[in-house]
Protein chains: 4
Amino acid sequence: MNKVILMGRLTRDPEVRYTQTGKVVCQFTLAVDRPFANQEGQREADFIAIVVWGKIAELCGNSLTKGQRALVDGRLQIRSYDAKDGTKRWVTEVIANSVEFIERKATGSGAPVQSGDAGPKSEMESFGSAVPFDEEIPF
Amino acid sequence: MNKVILMGRLTRDPEVRYTQTGKVVCQFTLAVDRPFANQEGQREADFIAIVVWGKIAELCGNSLTKGQRALVDGRLQIRSYDAKDGTKRWVTEVIANSVEFIERKATGSGAPVQSGDAGPKSEMESFGSAVPFDEEIPF
Amino acid sequence: MNKVILMGRLTRDPEVRYTQTGKVVCQFTLAVDRPFANQEGQREADFIAIVVWGKIAELCGNSLTKGQRALVDGRLQIRSYDAKDGTKRWVTEVIANSVEFIERKATGSGAPVQSGDAGPKSEMESFGSAVPFDEEIPF
Amino acid sequence: MNKVILMGRLTRDPEVRYTQTGKVVCQFTLAVDRPFANQEGQREADFIAIVVWGKIAELCGNSLTKGQRALVDGRLQIRSYDAKDGTKRWVTEVIANSVEFIERKATGSGAPVQSGDAGPKSEMESFGSAVPFDEEIPF
DNA sequence: TTTT
DNA sequence: TTTT
């Protein structure tokens, strides 16, 4: 048993990439509010890395944008990678089985907001490339 | 909503410590089997850091030992700390609300296994001190 | 371990009542969409009874109205009661630990919708009295 | 989102049956301890109906027996049926996606306990027939 | 016996 | 109407 359920907001537009073997993968970060306030009386958030594979990855890439709320159901997974300084590092990610789009971000035209244009794209790429997907994560 | 449910085995005896303000905290790592086999046909595991506070922390310290199964219910949390090289690092932990002891490890005498003796103790300490609890994590 | 997580819409305004010992209890039904279509190609819903106690009960009574979405976290519980025909019956309910209000129902004035007026009230009362709370459900 | 996670003990051997269209279905009841004691200081249990379909149904039928612990992950579903008195009734069931066998019941020989022989079989049948599966529940 |  |  390895279950995770999170509700939060995307900290940026999701990034969709393809592995060497052609699998679709979508990555984004979810800001999940903590259930309590800190010493300064502020409610912080945890910024949790989400990974989605396959058909749902495409849906997320097409439908989700920065700031939207999403309800993620998945499992915790830990990946190791080699840092630039030669040491081994670990990242903890939630591999999503399903993603529910809680709200559609309203636009002036009423049309669904479309993610991804030149500006944010490069920023996302640098984010995504920090921990490469050398190995396939089976679904 | 931030929920995690994990079932796995302790990779070592739990470590119990006290914060500067006297709160009890118990840490251990849970090996959670992946739901599929890798390319070599082996089932790997994720090694997930668990943190327990308060009364349950004491119970875990007294009752759980390396190799035992536990069912953990909690929430994902990310802590930052300063690495020895001066850079900022993040650890992802599961803050447990409850821990169910699935099985009592059998001994020759039939008595419950008692955790903690000199050998493994020092090893645990080094593990625990890697990411110090400078700040209180409110419950 | 007894955990339930549901997201759905209230089928009517919640009903708030008080037990003989003065505890607040709030009841409503959540329509939760099924994850698939039936033979006629329609997606049905399950109508699940929710029970909330204490402070959260009051919040639900004040903030939730028919049609709104809510994210409920709780546990399954089965209560028995005596039907009018003298036989024993059982109801399955979700005892909520927390209820997240996913959306505020929009009004013309922009003010939060207020639940409860004479009309629907009597209808709710009849609903609530079907299975009385003779015994306290400890929290 | 409709998620249920339960850990408890089978109150009887599971019953395996087949629908008119040849689908395998396995039913059992899980006794799930309540997290608190009642007024008499006793911990009660909720007796929750579990339904499993397909391959996992067969595994459950072959591997689980009365008294064993199981960890069930599934979703809540409500089925209606016509009572003998002509009225409509509802049953709430947990449709399991996965069932983890927490422990193997020990036998003198050390061999896995095999469920199902003539005696209990007839008892199970009567249990199962109380609420028939006239309609297929899609998976 | 229901919600959108 | 039940499990340990």
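Note on naming: letters A, B, ... go to the chains in the order of the sequence lines (proteins, then strands), and numbering restarts at 1 for each one. Just so it is clear, the model here is predicted, and its values are computed rather than measured.
Under the rule for a side-chain contact (heavy atoms from CB on, under 4.5 Å), the partners of C:R69 that lie at least two apart in sequence or sit in another chain are A:I102, C:M7, C:R9, C:I102, C:E103. Remark: D:A57 pairs with D:V24, D:C26, D:V52 by the side-chain contact (heavy atoms from CB on, under 4.5 Å) rule, at least two apart or across chains.
If you take CE of C:M1 and C1' of F:dT3, they are 18 Å apart, rounded to a whole angstrom. Note: CZ (C:F28) to C1' (E:dT2) measures 14 Å, nearest angstrom. Whole-Å rounding puts the D:Q68 CD to F:dT3 P distance at 15 Å. Between the P atom of F:dT2 and the CD atom of D:Q27 lies a distance of 19 Å, rounded to the nearest Å. Taking atom CD1 of B:I102 as the reference point, atom C1' of F:dT4 lies 13 Å away to the nearest angstrom. Put simply, CG on C:D33 is 12 Å from P on E:dT3, counting in whole angstrom units. Note: NZ (C:K66) to P (E:dT2) measures 10 Å, nearest angstrom. Distance CZ (C:R34) to P (E:dT2): 15 Å, rounded to an integer number of Å.
A donor-acceptor pair is defined here as one N or O able to donate and one able to accept, closer than 3.5 Å; such a pair exists between the side chain of C:S63 and the backbone of C:L59.
Using a 4.5 Å cut-off on side-chain heavy atoms (C-beta onward), D:V94 and D:L76 make contact.
Listed nucleotides: E:dT2, F:dT2, E:dT4. Nearest to the side chain of C:R9: E:dT4.
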